[in-house]
Amino acid sequence: MEEQLEEQREELNELLAIRRSKLQALYEAGIDPFGEKFERTHYAQDIIDNFDSLEGQKTVIAGRLMSFRTHGKASFSDLMDSSGRIQLYLRIDTMGEEAYRFATELDIGDIVGVSGTIFRTKRGQISVEVETLKLLAKSLRPLPDKWHGLKDVDLRYRQRYVDLIVNPEVREVFRKRSKIIQCLREFLNERGFIEVETPMLNTIAGGANARPFVTHHNALDMDLYMRIAPELYLKRLLVGGFDKVYEIGKNFRNEGISTKHNPEYTSCEIYQAYGDANDMMKLTEEIFAHIAQEVVGSTKIVFQGQEIDLTPPWPRKPMLEAIREYAGVDLTGLTDEQARQLAKEKRLAVPENATYGQIVEEFFDEFVEPRLIQPIFITDHTVEVSPLAKRKKDNPNLTDRFEPFIVTWEVANGFTELNDPIDQEERFRKQMEQRDKGDEEAHMMDSDFIRALEYGMPPAGGLGIGIDRLVMLLTDSPSIRDVLLFPHMRPR
RNA sequence: GAGCCAUUAGCUCAGUCGGUAGAGCACCGGACUUUUAAUCCGGGUGUCCCGCGUUCGAAUCGCGGAUGGCUCACCA
């Protein structure tokens, strides 16, 4: 009802009404306003790049009309295709009166196919002198301001199609995103990793601390969770005998939305049997450096005005040492109570029943994380906050885990995988206790995963990379929404 | 979830002290056969985010709401 009213109101808008009447006129003239298959010989950018050899030759191109400069019996127009823009020169003498009139009555936004001759104007502009022109799609809505484009961020995200038409740098970001993911695939495939797909509809949402989305399967009449991480499935594959696997895909977390968080986001999880955290750190450095080199052209990149040097090797620092350095507090070997006391002294807000591990995290987040600009691996997380990571040989309270930080963001997470089913079951039990205490993000018990480990999982290193943040970093984008084609928005 | 800010024409934005709204682009009509933010002449196309209130009178002031942005909280 509301929507119908909205539509009726829009029908009244003069600009829309004019386009509709032009559409009607086309039908009445026997012209199909929505065209058909059209064979091209060139992209706009091809013509510009190879002008010297193409000058004087015929070409057939297609795209969207982005501007008109009419001069009576001759006109200029800019045609935009996926490669870029090229100027069209329309001349009544070349096209004939009827075709010329038809062309000049088109609108900005219309999609056309043209054939013509490649030439350069007096002013040096590479152009196509149009001989024939065919309407391939009538545009019924006006495009945003040709100079200012579309700036309203709300509209840019909601109507990304318009954003992509008028803001070419946006297209560039998503081209890079595609290239980054392609590079990552190639890199892993070349090293013998195989790409797999595991379920996104889970009966147990495992592999991470996060609140899941719940959905419902009608035929089975049962609730299912959208996955929060593929980890436990991928490790089952190590049990099954795949040595090197990875999965690139969406995870869904029912949590807050911010410039760094979208409810659905893309991760790449990588597992390597017979390896450990150390191998995965090396792999992380190599991946970041390789992709930066391929996509940006250097391992030194600029993010929001600061130069970031991704060249390996990256420094490594145990978390407790980092806290000692930046907060001036040594938390090594404290009891829960002692840790809580220290937190109080440093005016850190922690829950009454906070555990040692949680307090270490708190200190880290407060004092260390905001200072980590250049790439660094923070290692040796507490066992309490790392329920899937193997304990360190020399200290069972810590794990053989690492998180690389760049521009204060955690860009990945990896560890030597816990392959001891007895310890894993114990860790799950601890998590269940946390869950019972009201921690909705604590891990769920996954008995089948324990069963898998009981068959024997080779020692392994695992790594999860946040693809969106990697893309943000390499495209100099301050918000995750700038690297998601359709970021989550509340419906209007 | 909390705080701050924003919302005016299709787009980008002005709008003074409270007196029913304006520019550029786009659009419509006209001139113009090498322009490129083409130019020149003419035309303003509107639920001022929504609702309630104050007032003779609200885009403007107050309250409530919607959406978005930023910061914080949670998280990757």
Side-chain angles (χ1 to χ4, degrees), chain A residues 2 5-6 9-10 12-19 21-22 66-78 85-95 100 104-105 107-109 119-127 129 139-159 162-163 165-167 207-211 228-229 251-269 349 361-362 365 369 403-405 409-413 439-441 464-470 472 478-481 487 489-492:
Chain A
E2 193 69 31
L5 285 174
E6 194 69 37
R9 219 174 278 132
E10 281 203 51
L12 299 174
N13 179 294
E14 190 198 353
L15 296 176
L16 298 184
I18 289 165
R19 298 266 179 135
S21 65
K22 285 186 179 182
M66 296 304 288
S67 67
F68 279 107
R69 293 176 292 282
T70 59
H71 296 255
K73 296 186 173 68
S75 299
F76 297 91
S77 177
D78 294 314
R85 287 188 184 214
I86 189 158
Q87 176 170 274
L88 303 181
Y89 178 48
L90 304 113
R91 228 172 141 236
I92 196 163
D93 296 348
T94 315
M95 299 179 71
Y100 180 77
T104 52
E105 281 172 3
D107 287 302
I108 289 176
F119 79 111
R120 197 192 280 274
T121 65
K122 272 185 202 164
R123 297 286 185 94
Q125 179 75 44
I126 294 169
S127 308
E129 180 167 351
S139 171
L140 299 177
R141 287 180 180 272
L143 285 173
D145 190 290
K146 69 178 174 188
W147 191 245
H148 299 98
L150 185 65
K151 286 187 172 165
D152 185 314
V153 267
D154 187 30
L155 277 183
R156 284 188 46 225
Y157 297 144
R158 285 181 199 277
Q159 298 178 18
V162 179
D163 191 28
I165 293 169
V166 299
N167 296 323
N209 299 76
R211 289 173 62 183
I228 55 175
N251 296 322
F252 306 87
R253 298 193 180 178
N254 206 340
E255 287 157 357
I257 297 173
S258 78
T259 50
K260 286 179 216 53
H261 301 87
N262 196 64
E264 52 181 296
Y265 72 99
T266 303
S267 75
C268 175
E269 287 205 8
E361 285 274 296
E362 197 63 41
D365 291 350
E369 201 178 74
E403 286 177 320
F405 284 83
W409 307 337
E410 181 197 340
V411 292
N413 177 25
D439 181 359
E440 289 182 81
E441 291 173 7
I465 298 171
I467 297 296
D468 308 286
R469 287 187 183 177
L470 174 59
M472 287 165 73
S479 168
I480 195 170
R481 291 181 154 185
M489 302 290 277
R490 286 189 208 223
R492 274 250 237 220

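Below, chain A is the first sequence line, B the second, and so on; all start at residue 1.
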Please give, in whole Å, the distance from [N] [atom2] to [X] [atom1]?
{"X": "Lys73(A)", "N": "rA31(B)", "atom1": "NZ", "atom2": "C1'", "result": "10 Å"}
{"X": "Leu90(A)", "N": "rU35(B)", "atom1": "CG", "atom2": "P", "result": "15 Å"}
{"X": "Asn209(A)", "N": "rA76(B)", "atom1": "CG", "atom2": "C1'", "result": "11 Å"}
{"X": "Phe119(A)", "N": "rU35(B)", "atom1": "CZ", "atom2": "P", "result": "11 Å"}
{"X": "Ile92(A)", "N": "rA31(B)", "atom1": "CD1", "atom2": "P", "result": "12 Å"}
{"X": "Phe252(A)", "N": "rA76(B)", "atom1": "CZ", "atom2": "P", "result": "17 Å"}
{"X": "Met66(A)", "N": "rA26(B)", "atom1": "CE", "atom2": "C1'", "result": "12 Å"}
{"X": "Phe68(A)", "N": "rG29(B)", "atom1": "CZ", "atom2": "C1'", "result": "17 Å"}

Do Phe252(A) and Pro263(A) make a side-chain contact, defined as non-hydrogen atoms from C-beta onward lying under 4.5 Å apart? no
Hey, does Ile18(A) have a side-chain heavy atom less than 4.5 Å from the side chain of Lys22(A)?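 Side-chain contact under 4.5 Å: yes.
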Donor-acceptor pair, side chain of [X] and main chain of [Y], under 3.5 angstrom:
{"X": "Asn167(A)", "Y": "Leu150(A)", "answer": "yes"}
{"X": "Asp468(A)", "Y": "Thr266(A)", "answer": "yes"}
{"X": "Arg253(A)", "Y": "Asn209(A)", "answer": "no"}
{"X": "Ser77(A)", "Y": "Ser67(A)", "answer": "yes"}

Base-pairing mate for [N] - Watson-Crick or G-U, with both contacts under 3.5 Å:
{"N": "rG62(B)", "answer": "rC52(B)"}
{"N": "rG1(B)", "answer": "rC72(B)"}
{"N": "rG57(B)", "answer": "none"}
{"N": "rC17(B)", "answer": "none"}
{"N": "rG10(B)", "answer": "rC25(B)"}

Output the single nucleotide from [options] whose closest atom is nearest the side chain of [X].
{"X": "Met489(A)", "options": "rA76(B), rU36(B), rG68(B)", "result": "rG68(B)"}
{"X": "Val153(A)", "options": "rU71(B), rA76(B), rG68(B)", "result": "rG68(B)"}
{"X": "Thr259(A)", "options": "rC70(B), rC28(B), rU35(B)", "result": "rC70(B)"}
{"X": "Asp154(A)", "options": "rU67(B), rA76(B), rU36(B)", "result": "rU67(B)"}
{"X": "Asp93(A)", "options": "rA26(B), rU33(B), rU34(B)", "result": "rU33(B)"}

Each nucleotide in nucleotides 2-14 of chain B should get exactly one letter: B, S or -. Can you fill that in based on protein heavy atoms under 4.0 Å? --------BBSS-
Separation of the [atom1] atoms in [N] and [M], to the nearest angstrom:
{"N": "rG1(B)", "M": "rC74(B)", "atom1": "C1'", "value": "10 Å"}
{"N": "rC25(B)", "M": "rC63(B)", "atom1": "P", "value": "40 Å"}
{"N": "rA66(B)", "M": "rG51(B)", "atom1": "P", "value": "15 Å"}
{"N": "rA59(B)", "M": "rU7(B)", "atom1": "P", "value": "15 Å"}
{"N": "rC49(B)", "M": "rU33(B)", "atom1": "C1'", "value": "48 Å"}
{"N": "rA73(B)", "M": "rA2(B)", "atom1": "C1'", "value": "8 Å"}
{"N": "rC28(B)", "M": "rG44(B)", "atom1": "C1'", "value": "11 Å"}
{"N": "rG42(B)", "M": "rU47(B)", "atom1": "P", "value": "27 Å"}

Give [X] one of three labels, base, sugar-phosphate or nothing, depending on what nucleic acid heavy atoms sit under 4.0 Å from its own.
{"X": "Thr70(A)", "answer": "base"}
{"X": "Asn262(A)", "answer": "base"}
{"X": "Gln87(A)", "answer": "base"}
{"X": "Arg158(A)", "answer": "sugar-phosphate"}
{"X": "Arg253(A)", "answer": "base"}

Any idea how His71(A) and Phe76(A) line up, ring-wise: parallel (<30°), tilted (30 to 60°), or perpendicular (>60°)?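 His71(A) vs Phe76(A) ring planes: perpendicular.
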So, does [X] get its side chain near the phosphate of [N], meaning an N or O under 4.0 Å from OP1 or OP2?
{"X": "Arg69(A)", "N": "rA38(B)", "answer": "yes"}
{"X": "Arg123(A)", "N": "rU35(B)", "answer": "yes"}
{"X": "Lys146(A)", "N": "rA26(B)", "answer": "yes"}
{"X": "Arg490(A)", "N": "rU67(B)", "answer": "yes"}

Could you check Lys260(A) against Pro491(A) and say which one's nearest nucleotide on RNA chain B is further toward the 5' end? Pro491(A)
What's the spacing between Met66(A) CE and Ile86(A) CD1 if we round to 0.5 Å?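 These two atoms lie 15.0 Å from each other.
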Give a yes/no verdict on base stacking between rG24(B) and Trp147(A): centres under 5.5 Å, planes within less than 30° of parallel. no
Whether the [X] and [Y] side chains hold a donor-acceptor pair (N or O, under 3.5 Å, no angle test) is what I'd like checked.
{"X": "Arg469(A)", "Y": "Tyr265(A)", "answer": "no"}
{"X": "Tyr89(A)", "Y": "Thr94(A)", "answer": "no"}
{"X": "Asp107(A)", "Y": "Ser139(A)", "answer": "no"}

As a test of the definition: with a 90° window around 0 for syn, would you call rU20(B) syn or anti? syn
